[in-house]
Amino acid sequence: MLVLSSLCAVAGNLLLRAGILRAGGFSLSLDRLESQTLSLAMQPMFVCGLFLYAVAAIIWFRVLSTEDLSLSYPLMTSLTFVLVTLGATYFFDERMTWQKVLGLSIILAGFVLAARS
């Protein structure tokens with residue numbers, strides 16, 4: 001369930017970003033908030049991203065009810081962090097620097113250590 005929640009969150013985040021980019025971006029300007037919100041609501045990728053993010057939250061509620069938070073939260077966040085970074089590199093041509101690779105490697109090592117505890 002934890003992995004499924006993480007995968008839904010990853011897909012949701014990637015779709016949210018794609019939808020926001022297709023809608024022309026987003027700012028917190030009050031004079032543009034209504035038009036931007038409407039534009040996002042009409043963007044299918046954004047709507048699908050919101051749905052998947054909500055599904056991830058519902059699955060996460062189940063994980064919270066059955067698993068130790070001290071183990072499940074670090075595992076979920078590290079898995080999500082790594083997969084979102086890789087997805088952003090692949091789908092949005094974001095740069096993968098050696099610092100990111102090193103950071104992801106450390107996170108993955110922590111993930112493996114935490115999973116074995």
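Given the structure is predicted, the values throughout are model-derived calculations rather than measurements.
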### Exam field: side chain Thr77 to backbone Tyr73, donor-acceptor pair closer than 3.5 Å
yes

### Query
Quick one: is the NZ or CZ of Arg17 closer than 6.0 Å to the six-membered ring centre of Phe92, and within 45° of its axis?
yes

### Summary
Leu86 and Leu104 have their tightest heavy-atom pair at CD2-CD1, 4.3 Å

### Query
If you draw a 6.0 Å radius around CD in Gln99, do more than 12 non-hydrogen atoms from other residues or ligands fall strictly inside?
yes

### Message
Taking Leu7 as the starting point, is it possible to reach Phe91 by hopping between hydrophobic residues whose side chains are less than 4.5 Å apart?
### Response
yes

### Inter-residue atom distance Ser72.OG - Asp68.CG, 0.5 Å rounding
7.0 Å

### Query
Is a side-chain donor or acceptor of Thr80 paired with a backbone partner of Met76 at a separation under 3.5 angstrom?
yes

### Task
Verify the cluster assignment for Val10 and Phe51: are they in a single hydrophobic cluster under the rule of side-chain heavy atoms below 4.5 Å apart?
yes

#### Entry: Residues, nucleotides or ligands: over 12 heavy atoms within 6.0 Å of Met96 CE
yes

### Query
Short question: side chain of Lys100, backbone of Thr85 - any donor-acceptor pair under 3.5 Å?
no

### Check: Thr37 side chain, Leu33 main-chain N or O, donor-acceptor pair, under 3.5 Å
yes

### Task
May I ask you to check whether over 12 heavy atoms, not counting those of Phe26, lie within 6.0 Å of atom CZ?
yes

### Query
Quick one: do Leu16 and Val47 end up in the same hydrophobic cluster if we chain Ile, Leu, Val, Met, Phe, Trp and Tyr together by side-chain heavy atoms under 4.5 Å apart?
no

### Message
Side-chain heavy atoms nearer than 4.5 Å, only ILVMFWY residues, links allowed to pass through others: does that put Leu52 and Met42 together?
### Response
no

### Task
Report the distance from atom CD of Gln36 to atom CD1 of Ile20, rounding to the nearest 0.5 Å.
9.5 Å

### Query
Are Val82 and Val101 linked, directly or through other ILVMFWY residues, by side chains that come within less than 4.5 angstrom of each other?
yes

